[in-house]
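Values below: all heavy atoms of this structure, side chains included; hydrogens, waters and symmetry mates excluded. From a predicted model like this one, the values you see are computed outputs, not experimental measurements.
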Number of protein chains: 2
Amino acid sequence: MIRVIVVDDHEIVRKGIIAYLQTEDEFDIVGEASSGNEGAELILELKPDVVLMDLMMENGNGIEATKHVMEQLPSCKIIILTSYYDDEQVFPAIQAGAFSYLLKTSSATEIATAIKKAASGQNVIEPKVAGKMMNSFRSENKKAHDTLTERELEVLLCIGNGMTNQEISEKLYIGIKTVKTHVSNILSKLEVHDRTQAAVYVHRNQLL
Amino acid sequence: MIRVIVVDDHEIVRKGIIAYLQTEDEFDIVGEASSGNEGAELILELKPDVVLMDLMMENGNGIEATKHVMEQLPSCKIIILTSYYDDEQVFPAIQAGAFSYLLKTSSATEIATAIKKAASGQNVIEPKVAGKMMNSFRSENKKAHDTLTERELEVLLCIGNGMTNQEISEKLYIGIKTVKTHVSNILSKLEVHDRTQAAVYVHRNQLL
DNA sequence: TTCAATCTCGGTCTTAAGGCGGAGGAAGAA
DNA sequence: TTCTTCCTCCGCCTTAAGACCGAGATTGAA
């Protein structure tokens, strides 16, 4: 039996998930909570094998709850089950220690499978989310372009689109002289010799 | 009931598939054939909903049979089920009018699912094959660079690597003037304004 | 043979690109 | 406040880039 706790502030969602999970006799729903704070307490008290956690909740969000739980009970597998797959949500959740990341568009079967896999130590990442993660990873292995300032990065991406200095200056509403300055700084930071190589850099590093 | 015909010159394979399909009561195996010619005749006579067709057969291959059938009976869904996923096989099959394309490494369940989906109008393409198709599509939608001469393509790829005219001339053992000529021709053929855009073109079209 | 395409190279000219040095203003950290 | 970073912009200068025009050599097809 896999001991499970469901944390979601929408009762209908929570009850629905629980009802479905109870149709399979592998799951033992030991508790449920409607907020991050409540959920964290319950989890630390009951020490379930797996937790289904929503991210966006009224009292204390899922990320904080996840972080808090993982500090006290690192063996607990927390599966994030949310509607959002923005960079702002996914990354902090993974960093907080979430074990799997599913979207609410997932089928009941997929969720059940994810719980079983989590109990046996396998991660499950929603494809859409996986893509985001790959991107994050890429930007994680910070390359030369992490030394670029925001403005320089903007200019670099313009170069990556094949724009001339003139076009860039018009797009960014700055003087062409300024663009040239940025370009020069970019070239030296990326250690390339001209804008063409900079454009190649952009595409090789999939910045665009 | 979905009326199905199985065409495959290996009896064991054919009988095996039929035996499995008969375990599900949604399928009505109305006929079977061991060659493309025989299969085409049988299909036109019995007008099944779905046909499972092997590609490599002794008498008349599956592609010709498919083409022939589709001319007479375009509503018939022909599922190609073969061991090969070479470019030479896949593409002609699709062009001949094949509805789905599966490999024999597929599980029985997948095949059954594919038949049901075909009956309801949904295509199923084996992932490995889908990849090939994507590539074919890319080379099918012939882009601007197909008008380039070999030499020009060489130069273009150099540009895509961020090389200067000087470097290109040294690599290809030609004068820098010649390189400039090629570059000018490339730019006008690709309808871009400078080498940076040409480099972007290379990477966007994954020529490198 | 004639013709077309391709590769090669030349001259001339204009301009975008990029290096170098300097500098003022704004915002945030020490 | 002082210092630093960043964004902005200036002038001067050199050179690579690219357009335009022409042309000889080779090859293969008609």
Degree of bending, the helix from C:dT1-D:dA30 to C:dA30-D:dT1 (end axes from five pairs; round to 10°): 40°

Whether A:Gln197 side chain and A:His193 backbone form a donor-acceptor pair below 3.5 Å: yes

Donor-acceptor contact present, side-chain A:Arg3 to main-chain A:Gly31, <3.5 Å: no

All side chain to side chain donor-acceptor pair (under 3.5 Å) counterparts of A:Asn161, not counting sequence neighbours: B:Arg204

Which atom pairs, donor and acceptor, lie under 3.5 Å between side-chain atoms of residues 168-181 of chain A and protein residues at least two apart or in another chain?
residue	atom	partner	partner atom	Å
A:Ser169	OG	A:Gln166	O	2.7
A:Glu170	OE2	A:Gln166	NE2	2.9
A:Thr181	OG1	A:Lys177	O	3.0

B:Glu167 atom CD: more than 12 heavy-atom contacts under 6.0 Å: yes

Test item: B:Arg195 side-chain N/O and B:Met163 main-chain N/O as donor-acceptor pair under 3.5 Å: yes

Partner residues of A:His203 under the ring-ring contact (aromatic ring centres under 6.0 Å, His included) criterion, sequence neighbours left out: B:His203

Check ion pair B:Glu64-B:Lys67 (N to O, under 4.0 angstrom): no

Footprint string (nucleotides 7-19 of chain C, 5' to 3'): B base within contact, S backbone only, - free, heavy atoms under 4.0 Å: SBBSBB----BBS

Where chain A begins and ends its contact with DNA chain D, read 5' to 3' at 4.0 Å from heavy atoms: D:dC6 to D:dC12

B:Glu154 atom CD: more than 12 heavy-atom contacts under 6.0 Å: yes

More than 12 heavy atoms of other groups within 6.0 Å of A:Lys116 NZ: yes

